[in-house]
Amino acid sequence: MTDLKLKNIRFDLDADGVATVLLDREGEAFNSLGPELAADLFAAIEHIEGNDEVAAVVIGSAKGDNFLSGADIRWLRSLDDADTARQLLTQAQDGFGRIERLTTEKGIPVVAAIHGACLGGGTELALSCSMRIASNDEKRTQMGQPEIKLGLIPAAGGTQRLPRLVGIAAALNLILTGRSVRPRRALKMGLIDEACPKEVLFDIAKKRALEAAATAPDAADDGRKTIGRIRSFLSPAHLQQLALEENPVGRRMLFSKAEEAMLKETKGNYPAPPAAFRAVKTGIDEGVEAGYASEIDEFSELIVSGEAKALMSIFFASQDLKKDTGTDSDADPVKVEKVAVLGGGLMGGGIAAVNTTNAGVATRIKEVDEAGVGRGLGYVAGVLDKQMKRRRLKPRDAAKMMHLVTGATDWSGMSSVDLVIEAVFEDLELKRDMVRQVEANTGPDTIFASNTSSIPISLIAEGADRPENIIGMHYFSPVEKMPLLEVIVTDKTADWVTATAVAFGKRQGKTVIVVNDGTGFYTSRIIAPYMYEVGWLLEEGLSVEDIDTAMVDWGFPVGPVQLIDEVGIDVGAKIGKVLREAFGDRLAPPAGFDKLVADDRMGRKNGRGFYLYEDGKREGVDETVYETLGVAPETVLARTEIQDRLALQMVNEAALCLEEGILRSARDGDIGAIFGLAFPPFTGGPFSYVDSVGAGVIADKLAKLAETHGDRYEPAAILTDYAANDKKFRS
Ligand code: NAI
């Protein structure tokens with residue numbers, strides 16, 4: 001009876017009657033759930049149902065560091081009609097229900113033995129088992145329901161079984177944020193029953209399965225017995241929470257608070273969180289069967305929604321970028337082993353931090369004086385400290401990482417560096433001087449990368465002996481958190497230099513886009529007219545609150561006025577001058593910015609900006625700012641009009657960047673805007689947004705705005721061309 005042959009499952013029945021079901025998706029390094037794997041898994045379950053020799057079951061994975069990463073997203077993306085989704089989900093729910101019933105109806109314990117990623121459908125599979133044991137590998141093992149990140153919800157029982165196992169509040173938290181948990185936390189919250197070293201995972205799982213079989217589980221156990229056992233692990237606060245959830249008034253309160261928080265967060269732009277919320281609530285209020293039905297209803301609507309498509313397209317674009325070398329040639333990257341960072345300020349410190357935490361390379365920070373070196377090293381230490389506090393890093397590893405970073409005020413020990421990243425002040429002459437000094441003090445193959453935020457790289461490279469070694473590596477602040485790296489190539493940059501910068505950026509943990517050189521490159525260029533529009537709107541008499549609220553509602557994490565305060569009004573004004581020089585009046589900052597700088601308003605950094613700051617904390621709007629600008633906030637515009645005026649400035653500029661060949665592709669434009677500038681992800685980025693609204697609609701809106709507000713709204717030719725030819729930027 002052990003000779004069950006399946007393509008995607010390895011099945012074994014041992015002498016003790018323990019059936020081992022190992023997920024092993026054919027031809028793939030990782031397990032993901034698609035129709036073939038699901039069919040084989042359920043065939044194995046059917047085989048067990050009809051086999052009296054099976055006393056207990058262990059479900060695990062035959063892949064190295066992976067249990068089951070979730071649904072196969074390529075397959076999910078191909079699901080474009082609600083009825084097919086409905087059918088497949090019914091099958092999945094039925095299959096997981098059969099796993100659950102092996103225990104509840106036949107008394108056969110089923111233990112999930114988890115090592116590596118166990119996400120989405122993986123967690124749902126584990127939830128349908130009667131016990132979950134995970135490896136205690138905090139780095140590799142994780143569980144969670146990340147569906148929300150793709151605009152979907154768990155729909156193979158996750159919204160029903162998770163709250164019953166860990167409590168409603170904890171389940172909502174996992175489902176609505178999509179966050180995953182590591183073994184220690186999973187054990188604490190009752191998501192797993194036990195954690196053990198990976199080496200003994202299957203031995204322990206089999207042992208526990210046999211022990212459970214020997215105690216003959218109660219066939220009527222609907223999971224409550226399991227909960228009872230797990231409760232002994234839980235903290236008193238957690239128990240109190242569960243007690244609250246068992247009481248109808250407490251439950252109502254919890255749901256209403258959770259709903260309020262969710263709506264505040266999503267602003268109605270993301271349909272998946274409310275859908276997940278409804279599925280959980282239906283299951284609790286009306287019972288699991290109604291809950292399962294609700295999951296299917298909600299999921300099959302979401303899968304065909306624009307938001308899910310947009311979020312999935314971001315996922316695929318970032319996967320593509322992982323494979324993109326950044327050049328069309330087959331130039332190989334050089335292995336970077338030693339890096340110098342010039343300037344240990346905000347950016348230099350951050351770059352040095354990701355060099356050690358992610359890339360693991362020896363890094364030397366060069367500064368003008370000891371105080372500067374101290375600042376840079378202090379920044380790295382601060383990042384490591386935070387990671388230790390969050391238990392993401394062991395003190396021993398943090399110490400090793402800190403040892404990789406050294407500081408200097410001269411060029412000693414730099415002759416052999418592979419890569420120099422400069423992050424000194426934004427000053428062309430200073431940056432040119434850095435090029436000269438690097439060329440004089442390092443080897444012929446050393447790459448010089450500039451983290452300038454606006455100066456064209458070709459200007460920095462002017463007069464260089466080795467312009468082919470010069471490239472832009474534009475990071476975003478705070479470097480250790482922001483996911484994007486914009487690599488900027490000039491027409492002289494050698495392909496191996498581009499390939500090396502891209503490969504190194506990936507080692508730093510970044511998603512890397514490569515753009516061609518030009519003033520402001522891509523990201524700084526498209527954010528500029530968006531910020532300038534704030535000045536024009538204020539001049540027309542709009543209030544700071546109306547502007548910020550409109551864009552937060554549109555899906556940005558912060559409003560544009562607040563953003564200007566964060567970046568620094570002086571920085572914006574400086575970049576404005578550079579852009580005006582390059583692009584003429586179309587990208588000229590409104591005069592208000594100079595008035596603000598003259599009034600010593602720099603934004604958050606000096607506590608004087610559009611907003612008031614109290615001990616570094618942002619308070620309300622500084623009403624005196626209107627006086628400084630010589631305006632009165634008396635004009636009211638429809639929220640949608642404010643949104644169009646601001647967002648379309650950015651979208652149009654992105655289109656111009658594609659038209660001019662600054663961007664290599666619309667894909668890079670979408671990723672750059674979302675990962676670098678927090679453009680609302682549910683839109684899929686500026687180009688996906690144009691595709692969904694229609695290039696014609698966008699071009700018409702821009703043309704109308706140009707009539708009333710001037711040439712800065714003139715639609716990019718590429719938009720009118722795509723509209724006329726019914727073309728899409730992303731397809
Ligand atoms: P910062 O003022 O925090 O740091 C600059 C550091 O460079 C200072 O510590 C200074 O002592 C040091 N420095 C100056 N001259 C030097 C020299 N000759 N040799 C060695 N070190 C020297 O500035 P921040 O914000 O780190 O900016 C650095 C660069 O990064 C600028 O080009 C800026 O435009 C760019 N950038 C800044 C972003 C931000 O959000 N702050 C974002 C992306 C790029």
Side-chain angles (χ1 to χ4, degrees), residues 425-428 453-455 477 519-520 524-552 556 558-614 616-637 641-650 652-653 677 705-706 708-713:
F425 300 133
E426 187 76 345
D427 179 295
L428 176 59
S453 45
S454 62
I455 306 172
S477 170
T519 307
S524 299
R525 182 161 155 197
I526 69 166
I527 195 84
Y530 171 75
M531 288 188 173
Y532 297 166
E533 203 54 30
V534 165
W536 301 118
L537 287 167
L538 289 169
E539 241 170 53
E540 283 171 40
L542 269 89
S543 72
V544 169
E545 289 94 334
D546 280 3
I547 297 173
D548 272 356
T549 312
M551 296 324 283
V552 170
F556 278 97
V558 297
V561 192
Q562 193 188 329
L563 185 67
I564 296 173
D565 260 8
E566 297 293 335
V567 172
I569 300 174
D570 55 324
V571 175
K574 219 167 160 186
I575 295 182
K577 295 210 167 67
V578 179
L579 292 174
R580 178 186 209 146
E581 227 164 81
F583 300 102
D585 282 348
R586 194 177 61 75
L587 281 190
F593 283 97
D594 282 340
K595 291 186 199 162
L596 294 171
V597 175
D599 189 36
D600 193 31
R601 288 183 194 262
M602 310 270 193
R604 178 190 282 280
K605 65 183 162 203
N606 76 338
R608 276 174 61 76
F610 288 98
Y611 285 90
L612 291 165
Y613 296 88
E614 206 46 57
K617 231 183 110 212
R618 192 171 59 90
E619 304 287 338
V621 172
D622 180 353
E623 298 291 332
T624 63
V625 79
Y626 299 114
E627 221 171 282
T628 310
L629 288 168
V631 297
E634 286 161 358
T635 308
V636 176
L637 278 189
E641 193 174 338
I642 304 176
Q643 290 167 339
D644 273 350
R645 290 215 19 206
L646 284 152
L648 293 190
Q649 282 284 21
M650 205 191 271
N652 197 32
E653 202 62 35
L677 306 174
L705 286 167
T708 344
H709 300 287
D711 290 350
R712 67 180 189 279
Y713 277 109

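We're numbering straight along the sequence, starting at 1.
- Considering only heavy atoms from C-beta on, Leu537 comes within 4.5 Å of Leu637 through its side chain.
- At least one side-chain heavy atom of Thr624 sits less than 4.5 Å from a side-chain heavy atom of Arg601.
- Counted by atom type alone, Glu533 and Tyr713 present one or more donor-acceptor pairs between their side chains at under 3.5 Å.
- In this structure, CD1 in Ile547 is found 13.0 Å from CD in Gln562, a value given to the nearest 0.5 Å.
- Under a 3.5 Å cut-off, the side chain of Ser524 and the backbone N or O of Ser453 do form a donor-acceptor pair.
- One finds the NZ atom of Lys574 at 16.0 Å from the CZ atom of Phe593 (value rounded to the nearest 0.5 Å).
- Checked for salt-bridge contact, Asp565 and Arg618 miss the test: no charged N lies under 4.0 Å from a carboxylate O.
- With contacts defined as side-chain heavy-atom distances shorter than 4.5 Å, the pair Val621/Tyr611 qualifies.
- In plain terms, the two heavy atoms of Ala528 and Leu579 that are nearest each other are CB-CD1, 3.1 Å.
- Checked options Arg580, Arg712, Glu653, Glu581; the residue passing with Leu587 is Glu653 (criterion: side-chain contact (heavy atoms from CB on, under 4.5 Å)).
- By the side chain to side chain donor-acceptor pair (under 3.5 Å) test, Glu540 is found to be paired with Arg645, residues two or more places apart in sequence or in another chain being considered.
- When all heavy atoms are compared, the tightest approach of Pro560 to Val534 is CB-CG2, 3.5 Å.
- The side-chain heavy atoms of Asp585 and Asp711, taken from C-beta on, include no pair separated by under 4.5 Å.
- For the pair Ile455/Glu426, a side-chain contact is recorded, criterion being any heavy-atom separation below 4.5 Å from C-beta on.
- Side-chain contact check for Val571 versus Lys605: some heavy-atom pair is nearer than 4.5 Å.
- Here Leu542 contributes atom CG and Asp548 contributes atom CG; the two are 11.5 Å apart, rounded to the nearest 0.5 Å.
- A pairwise comparison of heavy atoms in Tyr532 and Ala588 identifies CD1-O, 3.7 Å as the closest pair.
- In this view, Asp644 and Leu648, Lys701 satisfy the side chain to side chain contact (heavy atoms under 4.5 Å, CB included) rule, not counting sequence neighbours.
- The backbone N or O of Ala550 lies less than 3.5 Å from a partner atom in the side chain of Gln643, making a donor-acceptor pair.
- Within the 4.5 Å cutoff, side-chain heavy atoms of Val597 are placed close to those of Ile569.
- The two residues Pro590 and Glu539 make their nearest non-hydrogen contact at CB-OE2, 4.4 Å.
- Distance check: Gln649 CD to Met531 CE gives 13.0 Å after rounding to the nearest 0.5 Å.
- We find the CG-CZ distance between Leu563 and Arg604 to be 11.5 Å, quoted to the nearest 0.5 Å.
- Here the CG-CG distance, from Leu612 to Asp622, works out to 4.0 Å after rounding to the nearest 0.5 Å.
- For Asn606 (side chain) and Arg608 (main-chain N/O), a donor-acceptor pair under 3.5 Å exists by modelled atom type.
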